[in-house]
Amino acid sequence: MAARAAKHRFIVESAVLAGDDVRVEGEFAHQISRVLRLRTGEQIVLLDGSGSEAEVELQVVTPKLVTGTIQAIRRSPAEPRVSITLYQALLQRDKMEVVLQKGTEVGISTFVPVVSQRSLIGRGGGVDERRLERWRRIVREAAEQSRRGHAPEIRGPISLEDAFAEATTTGTAIVAWENERERSLRTALGEIPTGVALSLFVGPEGGFAEDEIALAERSGALTVSLGPRILRTETAGPVLAALVLYEYGDLEPRCADRSAS
Ligand code: SAH
């Protein structure tokens, strides 16, 4: 069935959706009234960051203040049913931004930059608050554009050792390793009970070092091959996430109205 014309979608603080009416000021009001030139009576969709979305009819539309009435609240149909965390070895700035943008479109829930031996950039990679802010804006825009229910979380960089420990405690860890000769992604997913949180690990431009792979195996992570072709590191994460979601049946068409709760 063809979709109706898409409504503009915005991610807002969850408090905005607490009552029956919404009220927003500042940059957001400016964007609605001046940039998009929306008018009283038009509808927009507001996402509260927890996976819910509200359909809102605009009432007052001025550059300083916009108000509207909530007409329906539902679970966002675009949120994946499985939570995927991508532990991405730190990359040069522009490549990291590609991973964040494409990974968000595909459906990754959380990004964690990881310090690994062969990263071409130094320890911590200069990831300060400013950089994280920029990254958060990139995933937020990608989430709005791809009509997701919320923007993925981005955490500060951690060591590979801590990352393996954390990932194997909270769920199952899968490590993309180009030298894996036996286990495919499909085989690995077949070994995992459904419904567990999945953590995916992708190495830097130079790949993971042998002792990092040994550490992964000791931690209980599963190394997998993504086939005979070597993918660039910024390709591997989004592709791996897409393949997981495909195998889990999460890339089927879904109707927004039918999933309303
Ligand atoms: N420098 C290495 C390739 C590194 S590719 C070499 O030339 O052999 C960067 C990262 O992408 C790897 O660490 C791995 O996590 C992932 N990757 C790329 N291609 C892959 C494949 N075919 N199978 C599994 N992982 C792959």
Side-chain angles (χ1 to χ4, degrees), residues 82-127 135 138-139 152 154-155 157-168 170-192 197-248 251:
V82 51
S83 156
I84 297 180
T85 300
L86 177 63
Y87 290 88
Q88 169 68 58
L90 272 166
L91 303 174
Q92 285 156 333
R93 190 195 301 205
D94 49 337
K95 291 187 181 172
M96 197 70 186
E97 292 183 359
V98 169
V99 171
L100 295 169
Q101 188 190 55
K102 304 303 167 208
T104 301
E105 290 166 33
V106 168
I108 289 171
S109 299
T110 307
F111 294 93
V112 186
V114 171
V115 181
S116 76
Q117 289 173 33
R118 295 188 186 152
S119 284
L120 296 181
I121 58 174
R123 305 229 135 230
V127 182
W135 287 355
I138 290 171
V139 297
I154 306 179
R155 308 221 321 258
I158 61 174
S159 71
L160 192 59
E161 198 168 0
D162 288 349
F164 285 141
E166 177 182 281
T168 48
T170 54
T172 300
I174 291 182
V175 181
W177 184 39
E178 61 282 9
N179 295 330
E180 169 61 47
R181 293 287 168 265
E182 283 168 15
R183 195 186 289 113
S184 69
L185 176 63
R186 183 171 289 157
T187 317
L189 293 177
E191 292 172 18
I192 302 170
L198 280 187
S199 295
L200 309 178
F201 284 76
V202 171
E205 291 87 343
F208 286 119
E210 289 293 329
D211 57 337
E212 291 176 326
I213 292 297
L215 175 66
E217 285 168 346
R218 277 202 308 281
S219 311
L222 302 172
T223 48
V224 302
S225 164
L226 295 178
R229 289 165 296 279
I230 301 294
L231 305 173
R232 281 179 185 264
T233 170
E234 67 272 30
T235 311
V239 164
L240 180 52
L243 293 173
V244 167
L245 291 173
Y246 184 74
E247 283 289 317
Y248 276 53
L251 299 189

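For ligands, and for the atoms within them, numbers begin at 1 and follow the listed sequence.
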Subject >> More than 12 heavy atoms of other groups within 6.0 Å of R232 CZ >> reply: no
**OP:** Measure the shortest side-chain to side-chain distance between Q101 and E105 over non-hydrogen atoms and say whether it is less than 4.5 angstrom.
**Re:** yes
Original post:
Where does P204 meet ligand 1, judged by heavy-atom distances below 4.0 Å: at the side chain, the backbone, both, or neither?
Top reply: backbone
**OP:** Distance to 0.1 Å, residue and atom name: give those for the protein heavy atom nearest to atom 10 (C) of ligand 1.
**Re:** G203 O, 3.6 Å
Subject >> Part of E180 with heavy atoms under 4.0 Å of ligand 1, whether side chain, backbone, both or neither >> reply: neither
Original post:
Which protein non-hydrogen atom lies closest to atom 6 (C) of ligand 1, naming both residue and atom, and how far is it?
Top reply: E178 OE2, 4.2 Å
Original post:
Between F208 and F164, what is the ring plane arrangement, given parallel below 30°, perpendicular above 60°, and tilted in between?
Top reply: tilted
**OP:** Heavy-atom contacts with G206 under 4.0 Å: which atoms of ligand 1 show up? List them by number with element.
**Re:** 1 (N)
Original post:
Mind checking whether S225 has an N or O less than 3.5 Å away from an N or O of ligand 1?
Top reply: no
Subject >> atom 14 (C) of ligand 1 - nearest protein heavy atom and its distance >> reply: A176 O, 3.2 Å
Original post:
Is the shortest heavy-atom distance from the side chain of E191 to the side chain of R183 under 4.5 Å?
Top reply: yes
**OP:** Kindly check if the number of other-residue, nucleotide or ligand heavy atoms within 6.0 Å of CD (E182) is above 12?
**Re:** no
**OP:** Might you work through the salt bridge (charged side-chain N to carboxylate O under 4.0 Å, His left out) test for K95 and E205, ending with a clear yes or no?
**Re:** CA-CA 10 Å; K95 291 187 181 172; E205 291 87 343; 3.5 Å; yes
Original post:
Among protein heavy atoms, which sits nearest to atom 23 (N) of ligand 1, and what does the distance come to when rounded to 0.1 Å?
Top reply: L226 N, 2.8 Å
Subject >> Side-chain touch L198/I192, heavy atoms, less than 4.5 angstrom >> reply: yes
Original post:
Which heavy atom of the protein is the closest neighbour of atom 7 (O) of ligand 1, given with residue, atom name and distance?
Top reply: I230 CG2, 4.5 Å
Original post:
I108 versus V139: any side-chain heavy-atom pair under 4.5 Å?
Top reply: no
Original post:
If hydrogens are left out, which of R229, E212, R118 has an atom nearest to atom 22 (N) of ligand 1, that is, the closest non-hydrogen atom?
Top reply: R229
Original post:
With a 4.0 Å cut-off on heavy atoms, does V224 reach ligand 1?
Top reply: yes
Original post:
For ligand 1, which atoms have a heavy atom of E205 less than 4.0 angstrom away?
Top reply: 1 (N), 4 (C)
Original post:
Under a heavy-atom criterion of less than 4.0 Å, does R232 contact ligand 1?
Top reply: no
Original post:
Taking C-beta and beyond as the side chain, do V202 and E234 meet within less than 4.5 Å on heavy atoms?
Top reply: no
Original post:
Closest non-hydrogen protein atom to atom 19 (N) of ligand 1, residue and atom name please, with distance?
Top reply: L231 N, 2.9 Å
**OP:** Using distance alone, decide if ligand 1 has a nitrogen or oxygen within less than 3.5 Å of any nitrogen or oxygen in G227.
**Re:** yes
Original post:
So which bit of A236 gets within less than 4.0 Å of ligand 1, heavy atoms only: side chain, backbone, both or neither?
Top reply: side chain
Subject >> Flag if over 12 foreign heavy atoms under 6.0 Å of CZ, R155 >> reply: yes
